[in-house]
Number of protein chains: 2
Amino acid sequence: MAVSVREVAAAASVSVGTVSNVLNRPEKVAPDTVARVLAAIDELGFVRNDAARQLRAGRSRSIGLVVLDVRNPFFTDVARGAEDRAAEDGMTILLGNSDDNPDRERAYLDLFEEQRVHGVLISPRSDDLPRLERARSRGVPVVLVDREAPDRSFSSVAVDDVVGGAMAVRHLVESGRRRIAFVGGPSSIRQVADRLEGARRAAAETPGVTLEVVETSGTTVLEGRAAGEAIRDRAPEHRPDAIFCANDLLAVGVLQALIMLGDLRVPGDIALIGYDDIDFAQASVVPLSSIRQPAWLIGYTAVDLLLREARDGSDFAPEQVQFQPELVVRESTGR
Amino acid sequence: MAVSVREVAAAASVSVGTVSNVLNRPEKVAPDTVARVLAAIDELGFVRNDAARQLRAGRSRSIGLVVLDVRNPFFTDVARGAEDRAAEDGMTILLGNSDDNPDRERAYLDLFEEQRVHGVLISPRSDDLPRLERARSRGVPVVLVDREAPDRSFSSVAVDDVVGGAMAVRHLVESGRRRIAFVGGPSSIRQVADRLEGARRAAAETPGVTLEVVETSGTTVLEGRAAGEAIRDRAPEHRPDAIFCANDLLAVGVLQALIMLGDLRVPGDIALIGYDDIDFAQASVVPLSSIRQPAWLIGYTAVDLLLREARDGSDFAPEQVQFQPELVVRESTGR
DNA sequence: ATCTATCTTTGAAACGATTCACGATGAACG
DNA sequence: CGTTCATCGTGAATCGTTTCAAAGATAGAT
């Protein structure tokens, strides 16, 4: 059915080797031979079989990227940064989203290994580092995204979430809030845990500040709305006067619950701050204060590190890149 | 370097054929042989080489999906629907975004063809149907997403954008608006053109209603903001009293310009309606009226159609599935 | 003891592009 | 005219998995 080099070679009256050379090193072939082969290719509608190419080459020209949630604009921005850097080297990004599910995460890792990817970018959900070690021991470079390896054994590109979390809460405290709620979860997600840790530290700095944790089962708008409704339905004296959400999606959900489905005022009754500073943050019901992360740059840098590690082979030295988060103040915390 | 079936076979003292059988048809192999082979696989850290598999099989186990813009939540929802349906058959989605660039669109098509994908899902930017015909003639099923082929020669899953556009404008007119502006572009994007067409028809239904077109160069929040600023900066008597945006991202941008960066009221001074009803629509500064499309279902159905076409081979009959858009009224059009 | 029927296992032949050591051709030069 | 060198082109071997006809093994039946 499919046309192969062999048939192209026959049609152009040359050998298969020459067809391959036309495809890969045209300068090594006489001009009119090139023309003849190209004509045959066009005529027959020949399309290179990538599987055969890869089989011979030993590895593919793609890089696997496993993210926690594609619906989070933060991650699509990371993906685009990665894609841009990969394209510079003629590579492709294979995107998988784990939805914070360890099984899916592992399934994607397996898939990527079978595909013989050039490397894997991952924001690992669980602390399944052994699985990553194993991948690396098989020659697959691994770079952690938005997360650092506890023992620095992996290269990583991250933003200090503890600092970011502290920034958020410190800002709330400085604007006079005292009873703070942290909305986020599950705590198995490292980013969530770190932001909470930062929040705790910042809260502890000022006497009289309390930090309550409202655990959610995920980090979507829907889960944020549920958490917001729970808070809204409390007696006023039990409500916090400020909420720090583990990401902007949650914050948007909380906003919906407090304002649209309830009648609380933000920041009048409750101040609100999110995390990531996605595009929608500044266009939400009440423009959202947030902690900004350089998403595109994170993706770009991660691929850069990966390619370097792939080039250097086994004598790589894991490298940790860390960006700093940045506080963006908008109305939701009462500018 | 990499471990192959051959080495596994040697380690387990069986033939390569048996190893393959253990991998693919374990029930055909004696239990203790299975155990022995599995042990060898584990011991050696064998990972199947997908390229070799595909080469033999003739095609890959993935489906290509080319979308206009990954940053648009509408498309990520479509992608998830597609992924879910594909997973049911053990398949994978390869996601490419064309960014409304014909070259990128073509590059992804080429890539997918080289990968011998099972089929291609595409919301084609240009009317480059010949390219798609060519792909199909090579045996690659093609299903159009969010768009219909003019001559019904391709299967497609779409929502009637003309009806949706008319719905939006009719709603604006019914709430008393007369000077309507359509914000969107470029008109080479079929969805944009169709929604505008619908808007035109609806405007023509009522005497005294004018429809002005504010063309944008893309459909992002940023471009929406630019268009919004242009409108905001006009003399009040030249401003429209309602704006219909080709999608919600644009509408969010327009909102930013009118309210946050300007001091116009929505819907007081200008009513605003978007398209897609993405999650953020109901949480924007002013909750956004919109035209809802069943994004997840579109993706799911498209893969379903594709797999059917792939099964039936050449005696497929192109099938057009069309969903109906739905008006969602919120505050931005003054409930 | 022989024959069938049923299970298991085998091993060589694909799949299609790339590589590379080697010829072949012809031009340039002494 | 003979030698050297560069340029082009060749085709068999290779990558790793799957397939499938055929061989081998085992047990039950006669």
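So that the names make sense, note that chain A is the first sequence line, chain B the second, and so on, each numbered from 1. Just so it is clear, the values below take in all heavy atoms, side chains as well, and ignore hydrogens, waters and symmetry mates.
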From [atom1] of [X] over to [atom2] of [N], roughly how many Å is that when rounded to an integer?
X	N	atom1	atom2	value
B:Arg53	C:dG16	CZ	C1'	18 Å
B:Asp50	D:dT18	CG	P	9 Å
A:Glu7	C:dA17	CD	C1'	13 Å
B:Arg6	C:dA12	CZ	C1'	11 Å
A:Gln115	D:dT17	CD	C1'	15 Å
A:Glu113	D:dG16	CD	C1'	16 Å
A:Asn49	D:dT17	CG	C1'	14 Å
B:Lys28	D:dT18	NZ	P	17 Å

Worksheet item: Of B:Ser13 and B:Leu55, whose closest DNA chain C nucleotide lies nearer the 5' terminus?
Response: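 So the residue in question is B:Ser13.
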
Worksheet item: B:Arg36 or B:Ala57: which one's nearest nucleotide on DNA chain C is closer to the 5' end?
Response: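 Result of the comparison: B:Arg36.
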
Just call it for [X]: base, sugar-phosphate, or nothing, with non-hydrogen atoms closer than 4.0 Å on any strand.
X	value
B:Val19	nothing
A:Arg48	sugar-phosphate
B:Val5	base

Fill in: Given D:dT17, D:dT18, D:dT10, the nucleotide with the shortest approach to the side chain of A:Val14
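In terms of side-chain proximity for A:Val14, the closest of D:dT17, D:dT18, D:dT10 is D:dT10.
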
Discussion item. So, applying side-chain hydrogen bond (donor to acceptor under 3.5 Å, both in side chains) with B:Trp296, which one of B:Asp77, B:Asp84, B:Thr301 is it?
Written reply: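 It is B:Asp84; the other options fail the test.
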
Tell me yes or no: between the side chains of [X] and [Y], is some donor less than 3.5 Å from an acceptor?
X	Y	result
A:Asn49	B:Glu114	no
A:Gln322	A:Glu148	yes
A:Tyr300	A:Glu88	yes

Test side-chain contact (heavy atoms from CB on, under 4.5 Å) applied to [X] - qualifying residues, sequence neighbours left out:
X	value
A:Ser155	A:Val143, A:Leu305, A:Glu309, A:Pro318, A:Glu319
B:Arg53	B:Asn24, B:Arg48, B:Asp50, B:Arg61
A:Asp103	A:Asn101, A:Arg106

Item to complete: Please list, chain by chain and in numerical order, all residues satisfying side chain to side chain donor-acceptor pair (under 3.5 Å) with A:Glu133, sequence neighbours excluded.
Response: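 Listed in chain order: A:Arg136.
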
Discussion item. When you measure from the side-chain N and O atoms of B:Ser4 to the phosphate of D:dG16, is any distance below 4.0 Å, counting only OP1 and OP2?
Written reply: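 Looking at the OP1 and OP2 atoms of D:dG16, neither is under 4.0 Å from any side-chain N or O of B:Ser4.
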
Worksheet item: Under 4.0 Å: is that the gap between some side-chain N or O of B:Thr33 and OP1 or OP2 of C:dT9?
Response: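 Checking B:Thr33 against C:dT9: at least one side-chain N or O falls below 4.0 Å of OP1 or OP2.
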
Worksheet entry | side chain to side chain contact (heavy atoms under 4.5 Å, CB included) evaluation trace for A:Ile63 with A:Leu94 | CA-CA 6 Å; A:Ile63 293 169; A:Leu94 257 32; over 6 Å; no

Practice prompt. In sequence, state the C-alpha distance, the side-chain angles, and the governing distance for B:Arg71 and A:Arg80, and then conclude on side chain to side chain contact (heavy atoms under 4.5 Å, CB included).
Written response: CA-CA 9 Å; B:Arg71 306 187 58 165; A:Arg80 293 184 61 122; 3.6 Å; yes

Atom pairs under 3.5 Å, N or O on each side, protein against nucleotides 21-26 of chain D: can you list them with distances?
none

What N/O pairs connect the protein and nucleotides 19-22 of chain C at under 3.5 Å? Give each pair on its own line.
from	atom 1	to	atom 2	distance (Å)
C:dT19	OP2	A:Arg25	NH2	2.4
C:dT19	O4'	A:Arg56	NH1	3.0

